[in-house]
**Student:** 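This is the structure I have questions about; it appears just below.
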Amino acid sequence: RFQIQRGKTDPTSYKSLGDCFRTIFQREGLLGFYKGIFPPILAETPKRAVKFFTFEQYKKLLGYASLPPGLAFAVAGLGSGLTEAVVVNPFEVIKVTLQTNRNAFTEQPSSFVQAQQIIKTDGLGLQGLNKGLTATLGRHGVFNMVYFGFYFNVKNILPVNKDPNLEFLRKFGIGLVSGTIASIINIPFDVAKSRIQGPQPVPGEIKYRTCFKTMATVYKEEG
């Protein structure tokens with residue numbers, strides 16, 4: 001909801017995270033927070049499988065290229081993210097469409113019906129069920145590149161702790177920092193994806209069409 005807002009002049013804008021929670025709860029009920037949950041549940045298992053399987057495969061392939069380990073991890077992460085994005089993008093289109101719907105949970109179509117409507121209206125291509133693919137490629141590619149590159153490099157630098165509890169905290173801390181940094185770097189792609197896949201400002205007119213043009217528009221209009 002925050003990502004599809006167009007500045008303070010947007011009449012449907014939320015003032016803060018708390019205001020967003022209150023407004024959704026008041027207008028759409030408790031189930032309003034669970035809109036679009038079915039597509040991520042369906043996508044989560046294949047997404048994780050693709051992410052880690054392809055990362056290992058790309059890492060093996062890059063082993064023949066004699067790259068420094070740090071760079072190899074980052075490039076393998078980029079490849080796994082791009083592959084993962086192709087798998088999850090149709091689910092993202094359905095999820096964003098459902099989550100941007102401000103009707104009550106019981107008034108909006110199911111995930112399956114929503115998917116049928118998108119396919120019937122716009123097809124399976126880049127205007128339909130694969131809308132915003134470039135932005136999704138950027139989101140997952142950049143995230144995985146930074147995450148895996150940072151995680152494995154730092155993990156190899158910091159010494160292993162013999163205490164199992166401290167060793168758990170070491171890995172947990174590295175993972176937490178890796179995920180935070182990766183999220184900060186990839187969020188522009190996520191905003192662009194939401195703008196492209198979500199409702200356009202003027203019905204019938206496509207303002208947000210491509211990833212980098214959308215980023216440029218958001219930067220120019222909103223900073």
Side-chain angles (χ1 to χ4, degrees), residues 1-6 34-58 73-101 109 111-112 114-151 178-201 206-219 222:
R1 294 291 177 91
F2 274 115
Q3 289 178 344
I4 63 169
Q5 292 183 161
R6 288 165 291 280
Y34 294 92
K35 287 180 175 179
I37 192 170
F38 193 54
I41 289 174
L42 285 178
E44 196 61 28
T45 300
K47 168 186 165 183
R48 297 296 174 190
V50 168
K51 180 194 196 84
F52 290 103
F53 174 75
T54 56
F55 175 73
E56 292 299 327
Q57 299 309 307
Y58 289 129
F73 284 129
V75 175
L78 174 63
S80 71
L82 295 176
T83 310
E84 176 188 25
V86 175
V87 175
V88 303
N89 193 65
F91 296 94
E92 286 290 314
V93 172
I94 299 166
K95 184 193 76 170
V96 171
T97 304
L98 292 170
Q99 288 182 342
T100 54
N101 187 327
S111 298
F112 182 70
Q114 186 69 70
Q116 285 183 312
Q117 290 176 355
I118 293 170
I119 294 170
K120 183 179 179 181
T121 305
D122 300 306
L124 296 167
L126 297 177
Q127 300 303 317
L129 206 58
N130 269 292
K131 183 164 54 175
L133 177 60
T134 305
T136 305
L137 288 168
R139 183 181 79 158
H140 288 266
V142 169
F143 182 92
N144 285 5
M145 179 178 68
V146 176
Y147 180 84
F148 283 116
F150 185 92
Y151 181 84
S178 302
T180 301
I181 294 172
S183 295
I184 291 170
I185 295 175
N186 90 326
I187 194 68
F189 289 97
D190 200 31
V191 172
K193 183 189 79 69
S194 297
R195 293 291 176 98
I196 294 167
Q197 293 177 346
Q200 299 292 316
I206 300 178
K207 179 178 182 179
Y208 305 110
R209 189 181 297 273
T210 62
C211 177
F212 293 104
K213 282 188 177 180
T214 297
M215 285 186 184
T217 300
V218 172
Y219 174 74
E222 303 167 43

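Positions are given from 1 along the sequence. All values below come from the heavy atoms of this structure, side chains included, with hydrogens, waters and symmetry mates left out.
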**Student:** Taking side chain as C-beta onward, heavy atoms only, is I94 less than 4.5 Å from F38?
**Tutor:** no
**Student:** What are the two closest heavy atoms between T214 and A192, and how far apart are they?
**Tutor:**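 Closest heavy-atom pair between T214 and A192: CG2-CA, 3.8 Å.
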**Student:** Looking at every non-hydrogen atom in both residues, tell me the closest pair between G81 and H140 and how far apart they are.
**Tutor:**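 Closest approach of G81 to H140, heavy atoms only: O-CB, 3.2 Å.
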**Student:** Checking S183 against Y147: is there a side-chain donor and acceptor pair closer than 3.5 Å?
**Tutor:** no
**Student:** Compare every heavy atom of T136 with every heavy atom of A85, then report the nearest pair and how far apart it is.
**Tutor:**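 Nearest pair, atom of A85 first, then T136: CB-O, 3.5 Å.
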**Student:** CD/Q117 to OG1/T97 distance, rounded to the nearest 0.5 angstrom?
**Tutor:** 9.5 Å
**Student:** Going by atom types only, do N144 and K51 share a side-chain donor-acceptor pair under 3.5 Å?
**Tutor:**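 The answer is yes; a qualifying pair exists.
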**Student:** Are any side-chain N or O atoms of N186 and backbone N or O atoms of R139, one a donor and one an acceptor, separated by less than 3.5 Å?
**Tutor:**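 Between the backbone of R139 and the side chain of N186 there is a qualifying donor-acceptor contact (under 3.5 Å).
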**Student:** Between L98 and P109, what is the shortest heavy-atom contact and its length?
**Tutor:**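 Looks like CD2-O, 3.5 Å.
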**Student:** Rounded to the nearest 0.5 Å, how far apart are CZ of F212 and OG1 of T134?
**Tutor:**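 That separation rounds to 8.0 Å.
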**Student:** Could you grab the distance from atom CZ of F143 to atom CD1 of I184, nearest 0.5 Å is fine?
**Tutor:**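 It is 11.0 Å, given to the nearest 0.5 Å.
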**Student:** Using a distance-only test with no angle check, is there a side-chain donor-acceptor pair under 3.5 angstrom linking Q116 and K120?
**Tutor:** no
**Student:** For L124, is there any backbone N or O sitting under 3.5 Å from a side-chain donor or acceptor partner on N130?
**Tutor:** yes
**Student:** Could you walk me through whether F148 and F52 pass the side chain to side chain contact (heavy atoms under 4.5 Å, CB included) test, one step at a time?
**Tutor:** CA-CA 10 Å; F148 283 116; F52 290 103; 3.8 Å; yes
**Student:** Using side chain to side chain contact (heavy atoms under 4.5 Å, CB included), reason through F189 and M215 one step at a time and then give a plain yes or no.
**Tutor:** CA-CA 8 Å; F189 289 97; M215 285 186 184; 3.3 Å; yes
**Student:** Determine whether the side chains of Q197 and N89 contain a donor N or O and an acceptor N or O closer than 3.5 Å.
**Tutor:** yes
**Student:** So, for S111 and P39, which heavy atoms are closest and what is the spacing to 0.1 Å?
**Tutor:**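 S111 and P39 have their closest heavy atoms at OG-CD, 3.3 Å.
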**Student:** Please name the pair of heavy atoms, one in G132 and one in K193, separated by the smallest distance, quoted to 0.1 Å.
**Tutor:** O-CG, 4.4 Å
**Student:** Begin from the C-alpha positions of Q200 and R209 and carry the test side chain to side chain contact (heavy atoms under 4.5 Å, CB included) through to its verdict.
**Tutor:** CA-CA 10 Å; Q200 299 292 316; R209 189 181 297 273; over 6 Å; no
**Student:** Is the F55 ring parallel, tilted or perpendicular to the F73 ring (thresholds 30°, 60°)?
**Tutor:** parallel
**Student:** Would a distance-only check, ignoring hydrogens and angles, find a side-chain to backbone donor-acceptor pair under 3.5 Å from S80 to G77?
**Tutor:** yes
**Student:** Less than 4.0 angstrom from a charged side-chain N to a carboxylate O is my criterion; do E222 and R195 meet it?
**Tutor:** yes
**Student:** When you check the gap from the basic side-chain N to the acidic O, do R48 and E84 get nearer than 4.0 Å?
**Tutor:**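 No, R48 and E84 are not salt-bridged.
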**Student:** Using side chain to side chain contact (heavy atoms under 4.5 Å, CB included), reason through Q3 and D190 one step at a time and then give a plain yes or no.
**Tutor:** CA-CA 8 Å; Q3 289 178 344; D190 200 31; 3.1 Å; yes
**Student:** Could you tell me whether K207 atom NZ has more than 12 heavy atoms of other residues or ligands within 6.0 Å of it?
**Tutor:**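 Count over threshold, so yes.
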**Student:** Take atom CZ of F2 as the centre, draw a 6.0 Å sphere, and report whether it contains more than 12 heavy atoms from other residues, nucleotides or ligands.
**Tutor:**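 Enclosed: over 12 neighbouring heavy atoms sit under 6.0 Å from CZ of F2.
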**Student:** Determine yes or no for a side-chain-to-main-chain donor-acceptor pair under 3.5 angstrom, with R1 supplying the side chain and Q99 the backbone.
**Tutor:**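 It does hold such a pair.
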**Student:** Any side-chain heavy atom of V86 sitting closer than 4.5 Å to one from L137?
**Tutor:**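 The answer is yes; the side chains approach within 4.5 Å.
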